[in-house]
Engineer: 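The structure's right below; bear with me while I get my questions together.
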There are 2 protein chains.
Amino acid sequence: MKSLLAAKDLRLTPQREAIIKILLSKRNQHLSADDIYLLTKEAYPEIGIATIYRTLELFADLGMVNKLEFGDGCGRYEFNEGQEGHSHHHLICEKCGAIIEFNEDLLEDLEEIIARESKFKITNHCLRFYGYCEECQAKM
Amino acid sequence: MKSLLAAKDLRLTPQREAIIKILLSKRNQHLSADDIYLLTKEAYPEIGIATIYRTLELFADLGMVNKLEFGDGCGRYEFNEGQEGHSHHHLICEKCGAIIEFNEDLLEDLEEIIARESKFKITNHCLRFYGYCEECQAKM
DNA sequence: TTAGCTGCAAATTATTTGCATTCCG
DNA sequence: CGGAATGCAAATAATTTGCAGCTAA
């Protein structure tokens, strides 16, 4: 990732490193900017929230990070695994808010059909299922 | 929809009617709360933005309206067509921001697999493809 | 009549921006 | 050294809330 930055005359500052570490240590989670701010503060107390936002935007542009929105009023970020790796997908419980990931990638065919019909050049997709998780079903 | 409201002791006020009309007249668009506010104001100038938000949330709870987020910093709303009607999906151009709908519903099988494996009770889903529309491809 | 609604203004929350200062390469 | 990057505080923007007055059923 250092090379990703260097390629555009960007710098690897301690703040950026700290943020990367947090993101790496919380893989498979969906952190809000504020979550990341608080966590990063532990290792680097002087950091400001603006730096968090600026850094996350930068990382997202570089493809190192994915920004997600689950409709809870704030953006959520995660480290972007596998470069080309088609994004994993999410199961969201509408009762307790649990977010579970899964990795089936059965969308290729559908993607091809859509691309052909719409003449879109598709670069990515986002698939989510909403419903009730096992536990919440039990409680109902 | 009057009955939907009545069933919960809710009222069909002129404000709510005005908002429904706007939503109906702008099917297949994805209006922000502010868009809806400005449009509704034309027919009902005294309306306040808070009423717009409260009404949209209510309608979404009742299933009359879908709230969407496209990552542009604000929620977007659309009239919910076909009750059971599995939501249509979106193609989003990352260059010009165009949002195109399509209605293939080839997700049933996938949904079933996911439901079985995860023990989730799936009630809805959201599928989006990101990429470049025909026009933007031409310009590149 | 009376609970549900409304408009307004003030309060929140998430995110962005301006700027003087600091620091990586 | 010089442009990038940072922290801070102030500015935006979207959405929510409190409340006193209004109104649909």
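This one's a predicted model, so the numbers in the text were calculated from it and none came from an experiment. Chain identifiers are assigned alphabetically (A, B, ...) following the order of the sequence lines, protein sequences preceding nucleic acid strands; residue numbering begins at 1 within each chain. What's counted below: heavy atoms across the whole structure, side chains too, no hydrogens, waters or symmetry copies.
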Engineer: Answer with base, sugar-phosphate or nothing: what part of the nucleic acid does B/Arg54 contact at a heavy-atom distance below 4.0 Å?
Structural biologist: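 Counting heavy atoms under 4.0 Å across all strands, the contact made by B/Arg54 includes a base.
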
Engineer: On DNA chain C, nearest-nucleotide positions of A/Tyr53 versus B/Gly48: which is more 5'?
Structural biologist: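 Result of the comparison: B/Gly48.
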
Engineer: OP1 or OP2 of C/dC23 less than 4.0 angstrom from a side-chain nitrogen or oxygen of A/Thr13, does that happen here?
Structural biologist: no

Engineer: Between CD of A/Glu112 and CD1 of A/Ile122, what distance do you get to the nearest 0.5 Å?
Structural biologist: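 Separation between the atoms: 10.0 Å.
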
Engineer: Report the distance from atom CD of A/Glu17 to atom P of C/dC23, rounded to the nearest whole Å.
Structural biologist: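 Rounded to whole Å, this separation is 16 Å.
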
Engineer: Give one of base, sugar-phosphate or nothing for A/Tyr37, where a contact means two heavy atoms less than 4.0 Å apart.
Structural biologist: nothing

Engineer: In whole angstrom, give the distance that lies between atom CG of B/Asp34 and atom C1' of D/dA13.
Structural biologist: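 After rounding, the reported distance stands at 10 Å.
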
Engineer: C/dT6 C1' sits how many Å from B/Leu56 CG, rounded?
Structural biologist: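 To the nearest whole Å, that distance equals 15 Å.
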
Engineer: Taking CD in B/Gln137 as the centre, count heavy atoms belonging to other residues, nucleotides or ligands within less than 6.0 Å. Is the count above 12?
Structural biologist: yes

Engineer: Is there a side-chain polar atom (N or O) of A/Thr51 under 4.0 Å from OP1 or OP2 of D/dG7?
Structural biologist: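 A/Thr51 to D/dG7 OP1/OP2: side-chain N or O found under 4.0 Å.
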
Engineer: Taking the side chain of B/Leu10 as heavy atoms from C-beta outward, which of D/dC8, C/dG4, C/dG25 is closest to it?
Structural biologist: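 The closest nucleotide is C/dG4.
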
Engineer: Give a yes or no on whether A/Lys121 atom NZ has more than 12 heavy-atom contacts from other residues, nucleotides or ligands under 6.0 Å away.
Structural biologist: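 Atom NZ in A/Lys121 is not packed in, count stays at 12 or less.
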
Engineer: Given side chains that start at C-beta, do those of B/Ile20 and B/Met64 come closer than 4.5 Å, heavy atoms only?
Structural biologist: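 Heavy-atom side-chain distance check passes, below 4.5 Å.
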
Engineer: When you check the phosphate oxygens OP1 and OP2 of D/dA24, does a side-chain N or O of B/Gln15 lie under 4.0 Å from one of them?
Structural biologist: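 No.
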
Engineer: I want to verify a distance call: between C/dG4, C/dT15, D/dA5, whose nearest atom is closest to the A/Ala33 side chain?
Structural biologist: C/dT15

Engineer: Just how far, in rounded Å, is P of D/dA9 from CD of A/Glu46?
Structural biologist: 15 Å

Engineer: Would you mind reading off the distance between B/Ile20 atom CD1 and C/dC5 atom P, rounded to a whole angstrom?
Structural biologist: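 In whole Å, C/dC5 P lies 12 Å from B/Ile20 CD1.
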
Engineer: Is a donor-acceptor pair below 3.5 Å formed from side chain B/Arg11 to base C/dG4, judging by atom type as modelled?
Structural biologist: yes

Engineer: Would you classify B/Asp9 as touching base, sugar-phosphate or nothing, given that sugar-phosphate means primed atoms plus P, OP1 and OP2, and contacts are heavy atoms under 4.0 Å?
Structural biologist: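 Here B/Asp9 touches the backbone only, sparing every base.
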
Engineer: Of all the choices, C/dC24, C/dC5, D/dC8, which nucleotide is nearest to the side chain of A/Pro14 once you look at every atom?
Structural biologist: C/dC24

Engineer: Within this structure, what is the OG1-OH distance for the pair B/Thr55 and B/Tyr77, rounded to the nearest 0.5 Å?
Structural biologist: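 Result: 10.5 Å between the selected atoms.
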
Engineer: Choose from C/dC24, C/dT15, C/dC5 the nucleotide whose nearest atom is closest to any side-chain atom of A/Cys74.
Structural biologist: C/dT15

Engineer: Can you measure B/Ile52 atom CD1 to D/dT16 atom P for me and round it to whole angstrom units?
Structural biologist: 13 Å

Engineer: Can you measure B/Leu58 atom CG to C/dC5 atom P for me and round it to whole angstrom units?
Structural biologist: 7 Å

Engineer: What is the separation between atom CD on A/Glu69 and atom C1' on C/dA14, rounded to the nearest whole Å?
Structural biologist: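 Checked: the CD to C1' distance equals 11 Å.
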
Engineer: Considering heavy-atom distances to DNA chain D, does B/Gly73 or B/Ala50 have its closest nucleotide positioned more toward the 5' end?
Structural biologist: B/Gly73

Engineer: Does CG in A/Asp61 sit with more than 12 non-hydrogen atoms of other residues, nucleotides or ligands closer than 6.0 Å?
Structural biologist: yes

